[in-house]
Protein chains: 2
Amino acid sequence: MTVSRALNNPKVVRPATIARVMDAVKITGYIPNMLAGGLATRRTKLIAVVVPQINNNMFVDTVQAIGDALALRGYHMLLCIVGYEPEDETDIVATLLSRRPDGIVLTGIHHTSELKRIILNANIPVVEIWDLTPTPVDMLIGFSHEKVGNAVGEYFLDKGFTRFGFICASDRRAVVRKNGAIAVLRGRPEHEIEELMVSRPANMEVGRSALRQMMAGDKRFDAIICSSDTLAQGVIMEAEAQGLRVPQDVSVMGFADLNFAAHNRPAITTVSVDKWGIGIRAAGMLADKIEGKAVGEPVVDIGYSLVIRESA
Amino acid sequence: MTVSRALNNPKVVRPATIARVMDAVKITGYIPNMLAGGLATRRTKLIAVVVPQINNNMFVDTVQAIGDALALRGYHMLLCIVGYEPEDETDIVATLLSRRPDGIVLTGIHHTSELKRIILNANIPVVEIWDLTPTPVDMLIGFSHEKVGNAVGEYFLDKGFTRFGFICASDRRAVVRKNGAIAVLRGRPEHEIEELMVSRPANMEVGRSALRQMMAGDKRFDAIICSSDTLAQGVIMEAEAQGLRVPQDVSVMGFADLNFAAHNRPAITTVSVDKWGIGIRAAGMLADKIEGKAVGEPVVDIGYSLVIRESA
DNA sequence: TTGTAGGCGTTATCAA
DNA sequence: TTGATAACGCCTACAA
């Protein structure tokens with residue numbers, strides 16, 4: 001018990017005793033056992049983070065930001081990459097909870113009711129990220145995909161374009177953005193809108209072939225709006241391969257402002273979101289709540305910004 | 001005890017009993033406590049993964065591969081992003097060990113002796129990744145950065161170039177690659193070699209300004225060899241901004257075959273390594289060793305391949 | 001300031 | 001096939 005105090009609450013231990021403990025620690029190479037500690041205190045200093053993917057560039061900044069911010073506050077990150085199926089997520093979160101994490105970060109707001117039940121039952125703080133809803137499970141930091149879509153639609157409204165093509169990954173949030181843009185563009189009867197859903201992974205190859213498919217039968221577009229910068233990059237390549245200049249012959253829009261977007265040629269016009277900030281603040285909200293500190297607003301809209309570059 | 005058996009070793013439990021247990025599990029929403037389980041069995045089904053960074057594209061595929069492969073075998077991944085300082089790594093691994101992971105993945109082969117001592121003391125399997133040595137702490141899967149450098153040097157040997165510029169991140173492995181190339185190129189007395197070390201993060205901006213710095217005073221190069229594709233991408237942009245065509249006026253070489261390298265214009269000539277395979281196999285080796293299965297060779301050289309594209 | 005007793009939730013072991 | 005007991009290593013609560 002004295003050792004435990006010397007290590008965790010040294011101010012109530014006599015300095016000489018602390019020194020003796022530290023000596024013993026050094027000699028024996030003692031490393032505390034947090035399993036036992038967590039079992040006793042019901043606090044694990046563990047945060048579970050659940051994301052669909054990290055190697056598509058979309059979430060990796062957020063994950064690294066969460067990891068960095070948590071480390072600064074003495075937490076470890078249990079990272080789980082679950083793909084895009086809500087059922088998989090449910091099972092995985094259930095096993096994750098068996099580690100008794102002090103908090104959980106979930107991507108998106110669409111979870112099975114079973115998952116919500118489990119989490120409520122576990123009674124730990126949750127932050128949902130990368131989406132927005134007035135009714136989160138617990139806390140939330142993200143942005144409105146619908147508004148992003150609206151903003152994209154409005155951006156093109158002034159351009160006098162009439163023929164729009166949407167290339168959209170089969171991802172719930174991507175679909176919401178797409179529909180948000182279409183809702184705006186449908187406002188003009190002269191607008192023609194074509195949509196193509198593509199399967200994951202939404203890589204460049206997929207973008208290229210998607211454009212080929214859309215342009216079959218010599219169909220032409222004024223603007224191609226993609227659900228990610230990666231698809232946009234592929235579309236741009238394919239357009240140029242077909243002899244179309246971007247943006248003179250066709251405009252191309254992406255999403256997320258991934259690291260290459262600014263440096264592509266043409267630089268990709270896109271919607272930027274503060275991926276790093278989402279992570280930092282998600283970690284902060286969790287740690288604050290766990291430690292009983294005041295958490296400001298439980299629902300944070302971090303916004304987005306249209307980044308007009310060359311491609312549209 | 002019967003519950004424990006019903007859940008973990010059902011074949012020794014009467015089916016009717018199992019059913020009763022399952023009913024109770026469902027009704028109560030019981031989730032096992034792996035802290036207690038780990039404490040009792042000394043097996044946690046946890047693997048700690050230590051990487052310097054994930055958002056620079058270098059390690060993210062490997063990390064995702066590790067996570068996927070571990071999940072398939074019932075392990076969770078405790079991910080720690082430690083930066084590039086060996087001292088930081090030591091402290092962080094020490095705290096990580098307090099979770100009693102069943103195994104550890106470490107990036108690189110250069111660790112403090114203190115770290116090695118701690119890990120040996122913990123007596124758990126370790127896989128070092130992304131480098132090669134005949135004397136790993138335990139197991140290893142990676143490739144020789146020196147040989148990569150040699151190969152790059154030899155590639156340029158035939159080209160008849162004489163003026164070489166190296167732009168190298170201040171990263172131990174990057175330096176080894178650079179020196180490997182220089183060792184080869186020094187073989188011809190007419191070769192002039194200029195080196196520039198750049199600080200992290202080695203992003204595109206850094207690549208651009210590095211080239212500007214090297215070309216100060218109208219210095220010209222036949223080839224610029226960069227320690228990453230990201231730097232190469234920046235160098236290419238800057239070269240073209242200065243009116244130089246790549247590769248006609250100057251060749252540019254990258255490293256790692258990051259996702260954008262094939263799609264850049266000009267497509268980046270680089271060295272490809274099986275980032276995904278490293279992760280899959282690292283996870284497999286660990287899980288095998290933990291579970292007492294035969295691990296083949298403890299040291300695996302996964303190799304590399306020169307990918308000749310347009311930029312060099 | 002230090003020490004003792006008991007409990008956290010599981011599993012190994014032995015008994016029934 | 002099921003149950004009882006003890007132990008894993010730590011911390012809370014209380015006593016000295």
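Order of the sequence lines sets the chain letters (A, B, ...), proteins ahead of strands, with each chain counted from 1. Source: prediction; values computed, not measured.
Between A:Asp138 and A:Lys289 there is a salt bridge, with a side-chain nitrogen of the basic residue lying less than 4.0 Å from a carboxylate oxygen of the acidic one.
Counting only heavy atoms from C-beta on, A:Asn33 has its side chain closest to D:dG9 among C:dT10, D:dC11, D:dG9. Listed nucleotides: D:dG9, D:dT2, C:dT10. Nearest to the side chain of B:Val13: D:dT2. The side chain of A:Arg5 has C:dT2 as its nearest neighbour among C:dT11, C:dT2, D:dT2. Of all nucleotides listed (D:dG3, C:dT2, C:dT10), C:dT2 comes nearest to the side chain of A:Arg14. The side chain of A:Thr17 approaches C:dT1 more closely than any other nucleotide in the set C:dT1, C:dT11, C:dT10. Checked against C:dT10, D:dC11, D:dG9, the side chain of B:Arg42 finds its nearest nucleotide in D:dG9. Among the nucleotides D:dC8, C:dG7, C:dT2, the one closest to the side chain of A:Ala40 is C:dG7. The nucleotide whose nearest atom lies closest to any side-chain atom of B:Met1 is, among C:dG3, D:dA4, D:dT2, D:dA4.
Atom CG in A:Asn9 sits roughly 12 Å away from atom C1' in C:dT1 (whole-Å rounding). When rounded to the nearest whole Å, the span between NZ of A:Lys11 and C1' of C:dT2 equals 17 Å. Atom P of nucleotide D:dC10 and atom CG of B:Leu39 are separated by 9 Å, given to the nearest angstrom. Atom CZ of A:Arg43 is separated from atom C1' of D:dC10 by 15 Å (rounded to the nearest Å). Here D:dC10 presents its P atom at 14 Å from CZ of B:Arg99, a figure rounded to the nearest Å. With rounding to whole Å, A:Arg100 atom CZ is found 11 Å from C:dT10 atom C1'. The distance from atom OH of A:Tyr30 to atom P of D:dG9 is 10 Å, rounded to the nearest whole Å. Per the geometry, CG belonging to B:Asn8 stands 15 Å off P belonging to D:dT2, to the nearest Å.
Comparing A:Thr41 and B:Ser4 by the nucleotide of DNA chain C that holds the closest heavy atom to each, the one mapping nearer the 5' end is A:Thr41. Comparing B:Ala36 and B:Ile18 along DNA chain D, the residue whose closest nucleotide (by nearest heavy atom) sits nearer the 5' end is B:Ile18. Take the nearest nucleotide of DNA chain D for A:Met34 and for B:Arg20: the residue whose nucleotide is more 5' is B:Arg20.
Relative ring orientation between A:Phe59 and A:Trp130 is described as perpendicular, the plane-to-plane angle rising above 60° on a 0-90° scale split at 30° and 60°.
The structure places CZ of B:Arg177 at 10.5 Å from OG of B:Ser144, a figure rounded to the nearest 0.5 Å.
Note on B:Thr2: a side-chain N or O is less than 4.0 Å away from OP1 or OP2 of D:dG3.
When the shell of 6.0 Å around CZ of A:Arg43 is examined, it contains more than 12 heavy atoms from other residues, nucleotides or ligands.
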Between B:Arg281 and B:Asp288, is the salt bridge (Lys or Arg N to Asp or Glu O under 4.0 Å) condition met? List the steps. CA-CA 10 Å; B:Arg281 297 180 66 170; B:Asp288 284 344; over 6 Å; no
